[in-house]
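Have a look at the structure below before the remarks.
Nothing fancy with the numbering, it's 1 onward along the sequence.
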Amino acid sequence: MFRSIAVCLLITFFIGCNNHNKTFISGKIIKPTNNEILILKDEKIIKKITINNEGVFSSSLENLNNGLYNFIHLPEFQYLIINKGDSLVLRLNSLDFDESLVFSGLGASKNNYLIDVFLEHEKEENFVKSKYKSSKIEFKSIIDSLTNIKIKHYSNYKSVIKTNFISDLIISHAILIPLYSHIENFIILNKENHTENIDYFKKYRESIGLNISELSHFKPYLDYITLKSINESFSLDKGYDYNLNFNLERLNYINDQVSDQTIKTKLLRFIAYEYLLEEKLLINIDQFIYEFLKISENNSTNNEVSVLYDNITALQEGKLLPKINLYDENNIINDIGLQINFNKKNIIVFWSYDQNAHQVNLFNKVNLLSMKYFNYHFNLININDDSYKWKNNYLNNFNSNRIDNFRAVNFESMSKKMVLNNLNKVLITDKKGVIIKITTLADLEKIVITD
């Protein structure tokens with residue numbers, strides 16, 4: 001009882017003592033997953049706030065600009081609209097993050113509305129996707145109906161609650177962007193009528209600008225422009241497949257149409273990663289990098305993409321497995337290049353104890369294959385930080401001298417060297433540590449059986 005009163009007094013204090021120079025954020029998290037929350041602006045941490053044993057936190061924020069922020073309680077995150085002078089009080093259950101997140105206090109209304117917009121889109125997503133193969137007339141009718149309902153509801157809201165420019169900009173685009181992204185997906189999936197559909201949905205496709213700086217860190221907005229770049233770069237001759245020429249067209253489209261440097265840099269980087277992580281031919285990768293570096297003006301991104309290029313060229317069949325530092329089961333740092341079993345071929349796989357379905361599938365497959373194919377040695381690399389959880393997971397699942405378990409010393413460094421875009425990646429080396437195959441977990445058994 002005393003604790004509840006204390007929390008209420010604390011919240012009241014923040015609301016009551018607010019002024020226009022400071023912004024306050026406080027609240028309670030039920031079943032917190034760690035002991036802090038992070039507030040980010042433009043993907044940069046501006047505040048770390050400690051959560052106490054009761055899940056309560058509070059802090060003030062100074063010198064804020066009105067705009068879009070991120071609230072992060074790992075592994076979850078959500079967007080916030082913060083105006084200078086707000087006193088936001090939030091409550092959530094980490095087990096049901098978005099659905100349980102509720103705001104009160106000064107500035108709460110716009111954030112509750114934004115959350116509701118996201119949740120409504122989530123509820124409608126499967127329904128709209130199920131209509132992608134309907135006629136363009138029917139699909140347009142669905143989009144129109146949803147748009148009219150949402151716009152009318154938002155107009156009623158604004159007639160009661162006053163919104164400033166930035167709040168209105170964020171909420172109105174949060175309403176429209178997912179719907180118009182569905183249009184872009186509809187065009188992609190009905191490519192046989194590409195030109196006709198481009199013309200038919202012209203009004204919608206021209207209604208959202210591509211250089212809204214206030215949304216430069218709003219993922220739905222960036223995703224929308226990315227989808228649009230696919231349709232604007234498509235032709236029946238080139239197709240939608242992610243080949244070299246098609247992706248060069250996408251680079252040129254972004255270069256021609258996007259002038260905001262933050263938005264432009266993010267989109268160019270995304271296209272580069274998307275293409276480079278899928279392309280197999282080094283000659284195509286070389287040409288793409290050459291063209292990319294002529295267009296991209298951001299030195300940091302250019303260096304990052306150049307490092308990716310170097311790592312891709314180093315991780316090729318016929319080359320030695322790159323050396324990475326890993327903890328072994330005794331917490332001793334080892335070099336995987338020195339730990340390769342020189343008496344057998346080696347299979348290197350990756351896993352995380354946070355991805356349970358993948359972990360179960362991987363463990364089952366490795367156990368099965370290790371018992372049947374004695375000419376292979378398995379090396380399992382965990383990507384997490386917690387040594388206890390890592391050991392607890394593998395000790396309960398493995399008991400074989402043909403399986404070694406490691407944990408990454410530095411996941412970021414390892415993932416770059418291994419060009420690890422997902423955990424289904426599998427590397428196979430010969431007895432000398434030379435890469436003989438780069439494949440996926442789904443295809444691993446076929447390769448081992450036919451060897």
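- In this structure K48 satisfies the side chain to side chain contact (heavy atoms under 4.5 Å, CB included) test together with E36, L38, I45, sequence neighbours excluded.
- The existence of a salt bridge linking K129 and E124 is excluded, since no basic side-chain nitrogen approaches an acidic carboxylate oxygen closer than 4.0 Å.
- Summarising the local packing, NZ of K437 is surrounded by 12 or fewer heavy atoms from other residues, nucleotides or ligands at distances under 6.0 Å.
- At a cut-off of 3.5 Å, with distance as the only test, a side-chain donor of S296 or N302 sits close to an acceptor on the other residue.
- A donor atom on one side chain and an acceptor atom on the other are found under 3.5 Å apart for Y157 and S109.
- Checked by atom type, the side-chain pair K264/N255 shows a donor-acceptor distance below 3.5 Å.
- One N or O on the side chain of N164 and one on the backbone of S167 form a donor-acceptor pair closer than 3.5 Å.
- Atoms CD1 and CG, on I428 and N346 in that order, are 10.0 Å from each other to the nearest 0.5 Å.
- Remark: side-chain polar atoms of N367 are paired, donor with acceptor, to backbone N or O of F363 under 3.5 angstrom.
- Residues N382 and S352 share a closest heavy-atom pair of ND2-CA, 3.9 Å.
- Residues satisfying the side chain to side chain donor-acceptor pair (under 3.5 Å) test with S387, not counting sequence neighbours, are N331.
- Taking a cutoff of 4.0 Å between a charged side-chain nitrogen and a carboxylate oxygen, K202 and D199 do not qualify as a salt bridge.
- N211 contributes a side-chain N or O that, together with a main-chain N or O of D260, makes up a donor-acceptor pair within less than 3.5 Å.
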*Start with the C-alpha distance between R407 and I381, add both sets of side-chain angles, then the distance that settles side chain to side chain contact (heavy atoms under 4.5 Å, CB included), and finish with yes or no.*
CA-CA 5 Å; R407 183 169 64 86; I381 300 178; over 6 Å; no

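- Remark: side-chain polar atoms of H194 are paired, donor with acceptor, to backbone N or O of N231 under 3.5 angstrom.
- With a 4.5 Å cut-off on side-chain heavy atoms, N325 and N410 do not count as touching.
- Across all their heavy atoms, S229 and I271 have their closest contact at OG-CD1, 4.3 Å.
- The aromatic rings of F288 and Y275 are tilted relative to each other, their planes meeting at an angle between 30° and 60°.
- When side chains are defined from C-beta on, K280 does not count as touching Q316, because their heavy atoms never get closer than 4.5 Å.
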*Could you go through the side-chain hydrogen bond (donor to acceptor under 3.5 Å, both in side chains) check for Y154 and D168 one step at a time?*
CA-CA 10 Å; Y154 184 48; D168 184 53; 2.7 Å; yes

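- Using a 4.5 Å heavy-atom cutoff, the side chains of K228 and Y253 are in contact.
- Distance check, rounded to the nearest 0.5 Å: CG of L179 to CD1 of I151 gives 8.5 Å.
- Side-chain atoms of H153 and Y113 include a donor-acceptor pair closer than 3.5 Å.
- Although no hydrogens or angles enter the test, the distance criterion places a donor-acceptor pair under 3.5 Å between the side chain of S415 and the main chain of E412.
- The local environment of CD in E138 is crowded, with over 12 non-hydrogen atoms from other residues, nucleotides or ligands closer than 6.0 Å.
- S216 approaches I263 most closely through the heavy-atom pair CB-CG1, 3.6 Å.
- Taking both residues in full, the closest heavy atoms of L169 and S172 are given as O-OG, 3.2 Å, listed atom of the first, atom of the second, then distance.
- Between the OG atom of S94 and the CG atom of L74 there is a distance of 11.5 Å, given to the nearest 0.5 Å.
- Under the 3.5 Å distance criterion, the side-chain polar atoms of S100 are matched with a main-chain donor or acceptor of N93.
- Around CG of L281, the count of heavy atoms belonging to other residues, nucleotides or ligands within 6.0 Å exceeds 12.
- By the 4.0 Å N-to-carboxylate-O rule, R269 lies too far from E274 to be salt-bridged with it.
- Counting only distance, with no hydrogens or angles, the side chain of K47 and the backbone of L40 share no donor-acceptor pair below 3.5 Å.
- Using a 4.5 Å heavy-atom threshold, the side chains of I435 and D430 count as separate.
- Using modelled atom types, one finds no donor on one side chain facing an acceptor on the other under 3.5 Å when comparing N384 with D386.
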*Test N112 against I115 for side chain to side chain contact (heavy atoms under 4.5 Å, CB included), laying out the working first.*
CA-CA 5 Å; N112 283 326; I115 293 294; 5.6 Å; no

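- No side-chain heavy atom of N311 sits under 4.5 Å from any side-chain heavy atom of M418.
- The backbone N or O of A357 lies less than 3.5 Å from no partner atom in the side chain of N361, so there is not a single donor-acceptor pair.
- Checking Q78 against N70 by side-chain atom types alone, no donor-acceptor pair falls below 3.5 Å.
- Under the 6.0 Å cut-off for aromatic ring centres, W390 and Y327 do not qualify, their centroids lying 6.0 Å or more apart.
- Side-chain contact annotation: D223 with T226, donor-acceptor N/O pair under 3.5 Å absent.
- For the atom pair L427 CG and I436 CD1, the distance stands at 11.0 Å (nearest 0.5 Å).
- Judged by distance alone, with hydrogens and angles left aside, the side-chain atoms of N111 form no donor-acceptor pair with the main-chain N or O of L80 at under 3.5 Å.
- Remark: the backbone N or O of I230 is not paired with any side-chain donor or acceptor of S233 at under 3.5 angstrom.
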*Would I187 and R205 satisfy side chain to side chain contact (heavy atoms under 4.5 Å, CB included), going step by step from the backbone distance to the final call?*
CA-CA 11 Å; I187 297 172; R205 302 186 74 246; 3.7 Å; yes

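- Atom NZ of residue K152 and atom NZ of residue K150 lie 14.5 Å apart, to the nearest 0.5 angstrom.
- Under the 6.0 Å cut-off for aromatic ring centres, F218 and Y79 qualify, their centroids lying closer than that.
- Residue-environment remark: NZ (K162) stays at or below the threshold of 12 foreign heavy atoms within 6.0 Å.
- Considering every non-hydrogen atom in both N83 and T23, the closest pair reads O-OG1, 3.7 Å.
- Residues L68 and E214 are not in side-chain contact: their nearest non-hydrogen atoms beyond the backbone lie 4.5 Å or more apart.
- Of the N and O atoms on the side chains of T301 and N298, at least one donor lies less than 3.5 Å from an acceptor on the other residue.
- The minimum heavy-atom distance between I438 and L315, with the atom names listed, is CD1-O, 3.4 Å.
- Annotation: side chain of L215 is not in contact with side chain of L222 (no heavy-atom distance under 4.5 Å).
- F201 and F186 have their aromatic ring centers within a separation under 6.0 angstrom.
- Taking the ring axis of Y200 as reference, the NZ or CZ atom of K136 stays within 45° of it and closer than 6.0 Å to the ring centre.
- Contact annotation: the side chain of H73 approaches that of I51 to within less than 4.5 Å [non-hydrogen atoms, C-beta and beyond].
- Atom NZ of K44 has 12 or fewer heavy atoms from other residues, nucleotides or ligands within 6.0 Å.
- The cationic group of K41 lies under 6.0 Å from the six-membered ring centre of Y69 and within 45° of the ring axis, placing it in a cation-pi geometry.
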*Apply side chain to side chain contact (heavy atoms under 4.5 Å, CB included) to the pair K131 and V128, showing each step before the final yes or no.*
CA-CA 5 Å; K131 301 298 181 181; V128 179; 5.6 Å; no

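- For F77 and F97, the distance between ring centers is not under 6.0 angstrom.
- Taking the centre of each ring, H173 and Y224 stay at or above the 6.0 Å mark.
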